[in-house]
Amino acid sequence: MAMSAIRAAATGRMTSQGGLRGMLYSTISSGLPFAPPQVNQANKEPPADPSPNLFVSGLSKRTTTEGLHAAFAKFGEVVHARVVTDRNSGFSKGFGFVRYANVEEAEAGIKGMDGQFLDGWVIFAEYARPRPVPGQGQFGNTYGQRQ
DNA sequence: CCTGAGCGT
């Protein structure tokens with residue numbers, strides 16, 4: 001019904017998956033105080049390779065790791081979840097990462113939480129990109145890599 | 001911490 005319209009507008013997938021990410025804000029208003037970041041709908045960029053690692057964006061500044069974990073735990077076993085916060089101040093950057101125990105759960109988590117409301121903001125969930133790598137990094141710690 | 005886009009301490 002009405003939710004389907006919001007769902008479609010939130011995900012922006014409709015028929016084909018365009019590469020639009022940042023497009024929605026907290027409220028769907030007719031007049032935005034500032035112009036939208038991008039209107040590039042001809043961008044053909046594949047989301048990412050299927051992995052248990054999830055990249056969640058569009059989070060509220062008040063959303064924390066616990067809220068993210070609790071939200072995604074409903075669709076699968078969340079091994080680890082983290083909301084990326086600024087190292088200098090410690091405030092949320094507005095996005096985070098969620099790692100499921102399996103890729104199927106990750107897919108279920110995406111389909112379950114992508115375009116949904118969390119803390120009053122529409123969040124976007126997609127597969128996270130593989131990190132440069134391990135061992136020779138800056139921290140040299142086994143924080144979290146691909147399985 | 002605001003303008004919010006974006007792939008991590």
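Hydrogens, waters and symmetry mates are skipped; everything else that's a heavy atom, side chains included, is used. Note that the coordinates shown come from a computational prediction; the quantities given were computed from them, not determined experimentally.
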Exercise for review: May I ask you to verify whether the side chain of Asn53(A) and the base of dG8(B) hold a donor-acceptor pair under 3.5 Å?
Suggested key: yes

Check your understanding: Taking the side chain of Ser89(A) as heavy atoms from C-beta outward, which of dC1(B), dG4(B), dG6(B) is closest to it?
Key -> dC1(B)

Practice item. Taking atom C1' in both dT9(B) and dG4(B), compute the distance separating them and give it to the nearest angstrom. Key: 22 Å

Check your understanding: Which residue, Phe95(A), Phe72(A), Phe124(A), forms the ring pair (Phe, Tyr, Trp, His ring centres under 6.0 Å) with Phe55(A)?
Key -> Phe95(A)

Point to revise | Selection from dC2(B), dG8(B), dG6(B) that lies nearest to any side-chain heavy atom of Phe55(A) | key: dG6(B)

Point to revise | Closest nucleotide among dG6(B), dC7(B), dG4(B) to the Phe124(A) side chain | key: dG6(B)

Point to revise | Aromatic-base stack, Phe95(A) on dA5(B), cutoff 5.5 Å, angle under 30 | key: no

Point to revise | Non-neighbouring partners of Glu107(A) that pass side chain to side chain donor-acceptor pair (under 3.5 Å), sequence neighbours left out | key: Lys111(A)

Practice item. Determine the interatomic distance between C1' on dC7(B) and the same-named atom on dC2(B); round to the nearest Å. Key: 23 Å

Practice item. Would you indicate what Leu59(A) reaches in the nucleic acid, counting non-hydrogen atoms under 4.0 angstrom: base, sugar-phosphate, or nothing? Key: base

Check your understanding: Using the P atom in both, what is the distance from dG6(B) to dC1(B), to the nearest Å?
Key -> 23 Å

Check your understanding: Under 4.0 Å between a side-chain N or O of Arg131(A) and OP1 or OP2 of dG8(B)?
Key -> yes

Review point. Taking the side chain of Ala128(A) as heavy atoms from C-beta outward, which of dC7(B), dT9(B), dC1(B) is closest to it?
Key: dC7(B)

Practice item. Rounded off to whole Å, could you give me the NZ-to-P distance for the Lys93(A) and dG8(B) pair? Key: 7 Å

Check your understanding: For Asp119(A), what residues pass the side chain to side chain donor-acceptor pair (under 3.5 Å) criterion, not counting sequence neighbours?
Key -> Thr63(A)

**Study point:** Stacked pair Trp121(A)-dG4(B), distance under 5.5 Å, angle under 30°
**Key:** yes

